[in-house]
**Student:** 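Pasting in a structure now, in structure tokens, and then I'll have a few things to ask.
Atom set for the values below is all heavy atoms of this structure, side chains included, hydrogens, waters and symmetry mates excluded. Chain letters run A, B, ... following the sequence lines, proteins first, then strands; residues in each count from 1. The shown structure was predicted, so the numbers you read here are calculated from the model rather than taken from an experiment.
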2 protein chains.
Amino acid sequence: MAADDFIPIPKMTVTMDYDPYETLCQDCRLVELCLPYGLPKTELEQFETIVKNKAPLLTDQYLYQQDEKCQSLFVVKTGSFRSFIYSEDGAEQTIGFYLPGELMGFDAFQHGRFTSSSIALETSKVCELPLSQLNKLCRLIPSLQSQMLRVLGKEIESDHNLILLLGHRSAKEKMATFLLRLSHRYNALGFSKTEFNLTMKRQDIANFLGITNETVSRLLAELNHQGIITINRRNVKINNMDSLKVIVE
Amino acid sequence: MAADDFIPIPKMTVTMDYDPYETLCQDCRLVELCLPYGLPKTELEQFETIVKNKAPLLTDQYLYQQDEKCQSLFVVKTGSFRSFIYSEDGAEQTIGFYLPGELMGFDAFQHGRFTSSSIALETSKVCELPLSQLNKLCRLIPSLQSQMLRVLGKEIESDHNLILLLGHRSAKEKMATFLLRLSHRYNALGFSKTEFNLTMKRQDIANFLGITNETVSRLLAELNHQGIITINRRNVKINNMDSLKVIVE
DNA sequence: CGCCCCCTTGAGGGTGGTCAACTTCTGTGG
DNA sequence: CCACAGAAGTTGACCACCCTCAAGGGGGCG
């Protein structure tokens, strides 16, 4: 630790950390989906001062790990992440996939340690929001405070949706729901809602939905065969959105 | 209905709302499990001023309903609640059961409306925390603020546990986990951890665990037959905690 | 080119759902 | 107090869905 004082910080990090462009929320195309959404300009500028940039993460690199102390929240800037928890016996359960504009790390609020791990599915960038500064700012800016609670509420709602999915749906309904929700989220980001690439493995989808990867394969093949989707490795085209919705009911 | 207009409001309700004793958190045996946990005395007194008492709820009475506007959070004082969400097709999914000291209503933070319903499983009392006043107080008392976030984090963690349970466990493992968790929670409340009454129906348990009530019956009968538990209608005795833990692994 | 991982496809079996009948308990009214 | 209806819970028979296990295809990368 003490040695760090004498070693120059790697240049890239310095660039990433202080590049003024990188930290400007005002210019970020995701600002309407992100935490500071709706803040007046002066307060947005305050907010920008606490945002730190991290070096981009490569595929399969951890953003944080379960039980690690939580110092910051993170927002996906580009790329995507998978978050998951280990049960006592070491089995993984994928909790969710995170796309640009989405916040990660809330589950650490209870004890100050992450209760899940988060791993990059592809080369990805995040904005880091140091908790100490974020908390201070929340006290100064009431609307940021309520925005925080709103995003937390969204996290809870998304968990509830997953619970609903896992508890009462057949494998086919789960698969169709998964595709529809991805489509919806990509659409909200300004991408096509009928064609997108899955950034996660079949195994990840299976684990998320509480089924096996063989079942995922079979169901995707079936939907493909019926012409409802066209799937080629990770590339998905939705040909008939309504049919998917019928499956979900 | 119209006749009710001429009947004086039951005295009890009036008493409940203004009884000064009822609102004293300092004297509440649940204070260590509740939102104001850890607040210094002066701030606890501030907190007490915003707590409202509601008339007790009877079995099957709604505390709040999905899509209803959220004005307050609630803490269970006595009794128990079941919270659940409706999916588009009208099917219910039970999200959780709430015991004394536990907070309900967080899921409304996103849009200001409840995304779940909550119903009393038996005659139950709650403390009501009006959101407008709670928010103001959070700004005045930073430790209350962090306590809020901590309880929110707990809610998220509990959702994650349910996701883990629903996604990757056999019916038997689910059942054993359910019993162990109830035992643990009753114990934290100062009750016996080996004997307690289920306040919910078999159907509620089944729905919560994503299985059928027939399966719940069969599994409870099996555990009973093996001597691991003794079950008589809603009364449960855990005879062999370790065996349950082995089932869960 | 060859290895490894990801994905696909097939065959067979078990878990848990569905349907149905029956028992037990609760609440209501005569 | 009993009769009755309806809800809650139990138990059994059957079988479908999805998991397990296994083998084979295909793309990416060194």
Side-chain angles (χ1 to χ4, degrees), chain A residues 58-60 82 89 91-94 119 121-123 165-179 197-226 229-236 247-249, chain B residues 58-61 82 89 91-94 119-123 165-179 197-226 229-236 247-249:
Chain A
L58 304 178
T59 307
D60 289 335
R82 176 174 75 94
D89 62 357
E92 279 186 14
Q93 164 74 46
T94 296
I119 200 169
L121 290 168
E122 57 193 312
T123 304
L165 196 61
L166 290 172
H168 285 271
R169 299 299 178 181
S170 69
K172 197 169 183 177
E173 289 168 332
K174 288 176 180 179
M175 196 68 241
T177 305
F178 178 74
L179 291 174
N197 286 307
L198 302 172
T199 58
M200 69 293 285
K201 296 183 255 186
R202 299 285 190 272
Q203 177 57 46
D204 295 334
I205 301 175
N207 185 289
F208 178 64
L209 296 177
I211 56 183
T212 60
N213 52 1
E214 291 95 329
T215 301
V216 170
S217 256
R218 272 186 261 269
L219 289 172
L220 287 176
E222 187 188 341
L223 290 172
N224 186 60
H225 185 70
Q226 294 171 339
I229 65 170
T230 305
I231 187 152
N232 194 312
R233 296 192 54 72
R234 302 266 179 112
N235 181 269
V236 182
I247 293 172
V248 172
E249 271 163 321
Chain B
L58 303 178
T59 306
D60 288 337
Q61 215 175 333
R82 176 174 75 95
D89 61 358
E92 281 187 11
Q93 164 74 45
T94 297
I119 201 169
L121 290 169
E122 57 192 313
T123 304
L165 196 60
L166 290 172
H168 285 271
R169 298 299 178 181
S170 69
K172 197 169 182 177
E173 290 169 332
K174 287 176 179 179
M175 196 68 241
T177 305
F178 178 74
L179 291 174
N197 286 307
L198 302 172
T199 59
M200 68 293 286
K201 296 182 255 187
R202 299 285 191 272
Q203 178 56 46
D204 295 334
I205 300 174
N207 185 289
F208 177 64
L209 297 176
I211 57 184
T212 60
N213 51 1
E214 292 95 329
T215 301
V216 169
S217 256
R218 272 186 262 268
L219 290 172
L220 288 177
E222 188 188 341
L223 290 173
N224 186 61
H225 185 71
Q226 293 171 340
I229 65 171
T230 304
I231 187 152
N232 195 312
R233 297 194 51 74
R234 302 268 179 110
N235 180 269
V236 182
I247 293 172
V248 173
E249 268 165 322

**Student:** Between Met175(A) (CE) and dC17(D) (P), how many Å, whole number?
**Tutor:**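 Answer to the nearest Å: 18 Å.
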
**Student:** Report yes if at least one side-chain N or O of Arg234(B) is closer than 4.0 Å to OP1 or OP2 of dG9(D); otherwise report no.
**Tutor:**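 Answer yes for this pair, as a side-chain N or O of Arg234(B) is under 4.0 Å from OP1 or OP2.
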
**Student:** Side-chain N or O of Thr215(A) less than 4.0 angstrom from OP1 or OP2 on dC19(D)?
**Tutor:**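 Yes.
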
**Student:** Exactly one of Glu173(A), His168(A), Lys174(A) should register a side-chain contact (heavy atoms from CB on, under 4.5 Å) with Ser170(A). Which one does?
**Tutor:**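 Output: one option passes, namely Glu173(A).
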
**Student:** Could you give me the CA-CA distance, side-chain angles and deciding distance for Asn213(A) and Asn207(A), then say whether side chain to side chain contact (heavy atoms under 4.5 Å, CB included) is met?
**Tutor:** CA-CA 8 Å; Asn213(A) 52 1; Asn207(A) 185 289; over 6 Å; no

**Student:** Taking for each residue the nucleotide of DNA chain D with the nearest heavy atom, is it Lys172(A) or Glu214(A) whose nucleotide lies nearer the 5' end?
**Tutor:**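 This one resolves to Lys172(A).
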
**Student:** Atom NZ of Lys201(A) and atom P of dC4(C): how far apart are they, to the nearest Å?
**Tutor:**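 For the pair Lys201(A) NZ and dC4(C) P, the rounded distance is 16 Å.
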
**Student:** Using 4.0 Å as the upper bound for N to carboxylate O, is an ion pair formed by Glu222(B) and Lys172(B)?
**Tutor:**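 Counted as a salt bridge, because a side-chain N and a carboxylate O are separated by less than 4.0 Å.
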
**Student:** Given dT18(C), dT8(C), dG9(D), identify the nucleotide with an atom nearest to the side chain of Thr212(B).
**Tutor:**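 Side chain of Thr212(B) sits closest to dT18(C).
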
**Student:** Taking only the side-chain nitrogens and oxygens of Arg218(A), find out if one of them lies under 4.0 Å from OP1 or OP2 of dC18(D).
**Tutor:**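 No, because none of the side-chain N or O atoms of Arg218(A) sits under 4.0 Å from OP1 or OP2 of dC18(D).
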
**Student:** Which part of the nucleic acid, if any, lies within reach of Arg233(B) when heavy atoms closer than 4.0 Å are counted: base, sugar-phosphate only, or nothing?
**Tutor:**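 Contact class for Arg233(B): sugar-phosphate only.
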
**Student:** Measure from CG on Leu223(B) to P on dT10(D) and round the result to the nearest Å.
**Tutor:**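 Going from Leu223(B) (CG) to dT10(D) (P), I get 12 Å.
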
**Student:** Taking CG from Asn207(B) and P from dA8(D), how many angstroms apart are they, rounded to a whole number?
**Tutor:**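 After rounding, the gap between these two atoms is 13 Å.
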
**Student:** Write down the distance between CG (Leu220(B)) and P (dG16(C)), rounded to a whole number of angstrom.
**Tutor:**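 Rounded to the whole Å, the gap is 14 Å.
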
**Student:** Could you state the CD-C1' distance from Glu222(B) to dG12(D), rounded to the nearest angstrom?
**Tutor:**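 Answer to the nearest Å: 15 Å.
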
**Student:** Gln203(B) CD to dA7(D) C1': how many Å, rounded?
**Tutor:**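 Interatomic distance, CD of Gln203(B) to C1' of dA7(D): 12 Å.
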
**Student:** Looking at Ile231(B), is its backbone amide N or carbonyl O close enough to the side chain of Asn224(B) to form a donor-acceptor pair, meaning the two atoms are under 3.5 Å apart?
**Tutor:**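 It does hold such a pair.
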
**Student:** Rounded to the nearest angstrom, tell me the gap between atom CG in Asp204(A) and atom P in dC7(C).
**Tutor:**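 These atoms are roughly 8 Å apart.
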
**Student:** Are Arg82(B) and Glu122(B) within salt-bridge range, i.e. N to O under 4.0 Å?
**Tutor:**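 The answer is no: the pair does not qualify as a salt bridge.
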
